[in-house]
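Below you'll find the structure, written out as structure tokens, and then a few comments.
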Protein chains: 2
Amino acid sequence: MVKKIYNIGVEATLEVIGGKWKTVILCHLRTGAKRTGELKRLIPEISQKMLTKQLRELEQSGVIDRKVYNQIPPKVEYSLNNYGESLSLILNKLCLWGEHHVDYLEKEGKDVALLRRESSKMKERD
Amino acid sequence: MVKKIYNIGVEATLEVIGGKWKTVILCHLRTGAKRTGELKRLIPEISQKMLTKQLRELEQSGVIDRKVYNQIPPKVEYSLNNYGESLSLILNKLCLWGEHHVDYLEKEGKDVALLRRESSKMKERD
DNA sequence: CGGAATCCCAGAAGATACTG
DNA sequence: CAGTATCTTCTGGGATTCCG
């Protein structure tokens, strides 16, 4: 394998949390472990295929754990592991900025809506 | 236009800084205004077309300014504007995490290299 | 020098059906 | 319920060329 060269730190970060859905998935996992179906419900637009794929990649990057319960029907839970937790503050800030941005868009007269304000409760802490 | 619905704040954030190169571009602008050619040199793998496209989108999102100097040869400078500055802390943390991640990958025995440690000087501040 | 316009394709991503 | 497999669609983005 050829040497992987990053020109700036953030390029390495994007290799982990880049991609269409990874950051969204991680943000949801920030509030605790989730089953596949829960994630699917929290991210309605994602396809089964994409969800699985992105979860596998996050697992291989070493930021989430996959726990399989041997039972019928199957049950699989995903969660941020220790290393993934090191992203937690960033994820929270990304959520917060987005919430502010939605307010900004509304003031601009854009027709937007935000269903879930996950980070509101943490506003004071930052 | 249909109402844009976000399920979680970070989805709105990704609409601004998502895409293959936007975060990288913003990270470079974090250290000051840059000319098109400078950005091209700082991000060697990006194509002319993508650079222009992503810059236009960032401009339309309202986070960067584009300043055209009327001269021959042309000179155009891009910079974070006030609203874009509100992303600066996040961008810095994304860079920092990536720098740590490169160290992590090295310890894992991966063959990686990081050319530019832009955020090192800010480590103590955070 | 900065960038617009064209052509073109690998690979991203959707839909559907199937399995343990 | 979670995941795989297949097939298809489509678009992100590379390469190239031309313009003010």
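Predicted, not measured: the structure shown is a model, and the values here were computed from it. Per chain, numbering begins at 1; letters A, B, ... match sequence-line order.
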Checklist entry - Reckon B/R35 has a side-chain N or O less than 4.0 Å from the OP1 or OP2 of C/dC1? => result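 Looking at the OP1 and OP2 atoms of C/dC1, neither is under 4.0 Å from any side-chain N or O of B/R35.
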Checklist entry - By ring pair (Phe, Tyr, Trp, His ring centres under 6.0 Å), which residues pair with A/W97, not counting sequence neighbours? => result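 Checked A/W97 against ring pair (Phe, Tyr, Trp, His ring centres under 6.0 Å); matches are A/H101, B/Y83.
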Is there any protein nitrogen or oxygen under 3.5 Å from a nitrogen or oxygen in nucleotides 3-5 of chain C, and what are the pairs?
from  : atom 1 : to    : atom 2 : distance (Å)
C/dG3 : OP1    : B/R56 : NH2    : 3.4
C/dG3 : OP1    : B/R66 : NE     : 3.0
C/dG3 : OP1    : B/R66 : NH2    : 2.5
C/dG3 : OP1    : B/Y78 : OH     : 2.8
C/dG3 : OP2    : B/T36 : OG1    : 3.0
C/dG3 : OP2    : B/Y78 : OH     : 3.2
C/dG3 : N7     : B/Q48 : NE2    : 2.7
C/dA4 : OP1    : B/R56 : NH2    : 3.3

Item to check | Between the first and last five pairs of the helix from C/dC1-D/dG20 to C/dG20-D/dC1, the angle of the axes, rounded to 10 degrees | outcome: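 Terminal axis comparison yields 50°.
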Tell me, which pairs form a salt bridge (charged side-chain N to carboxylate O under 4.0 Å, His left out) where one or both residues lie in [range], sequence neighbours left out?
range	value
residues 7-19 of chain B	B/K4-B/E15
residues 61-76 of chain A	none
residues 44-58 of chain A	A/K22-A/E57, A/K53-A/E57

Item to check | Distance in angstrom units between B/K53 NZ and C/dT6 P, rounded | outcome: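 Whole-Å distance recorded here is 16 Å.
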Checklist entry - Quick one: ring-ring contact (aromatic ring centres under 6.0 Å, His included) pairs with a partner in residues 4-43 of chain A, sequence neighbours left out? => result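 Checked against ring-ring contact (aromatic ring centres under 6.0 Å, His included) - neighbours excluded - no pair reaches residues 4-43 of chain A.
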Next on the checklist: Among residues at least two apart in sequence or on other chains, which ones pass side-chain contact (heavy atoms from CB on, under 4.5 Å) with B/K110?
Outcome noted: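 Scan of B/K110 (side-chain contact (heavy atoms from CB on, under 4.5 Å), adjacent residues dropped) gives B/L105, B/E108, B/V112.
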Checklist entry - With clusters built from Ile, Leu, Val, Met, Phe, Trp and Tyr whose side-chain heavy atoms come within less than 4.5 Å, directly or transitively, what are the remaining members of the cluster of B/I5, listed by chain and number? => result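 A/L115, which link up through side-chain heavy atoms under 4.5 Å apart, make up the rest of the cluster.
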Next on the checklist: Starting from B/Y69 and following side-chain heavy-atom contacts under 4.5 Å between hydrophobic residues (I, L, V, M, F, W, Y), which residues can be reached?
Outcome noted: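 Members alongside B/Y69: none; it stands by itself.
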Item to check | Qualifying side-chain hydrogen bond (donor to acceptor under 3.5 Å, both in side chains) pairs, either residue in residues 34-43 of chain A, two or more places apart | outcome: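 For residues 34-43 of chain A: A/T31-A/K34.
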Item to check | Where chain B begins and ends its contact with DNA chain D, read 5' to 3' at 4.0 Å from heavy atoms | outcome: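 Footprint of chain B along DNA chain D, 5' to 3': D/dG13 to D/dG20.
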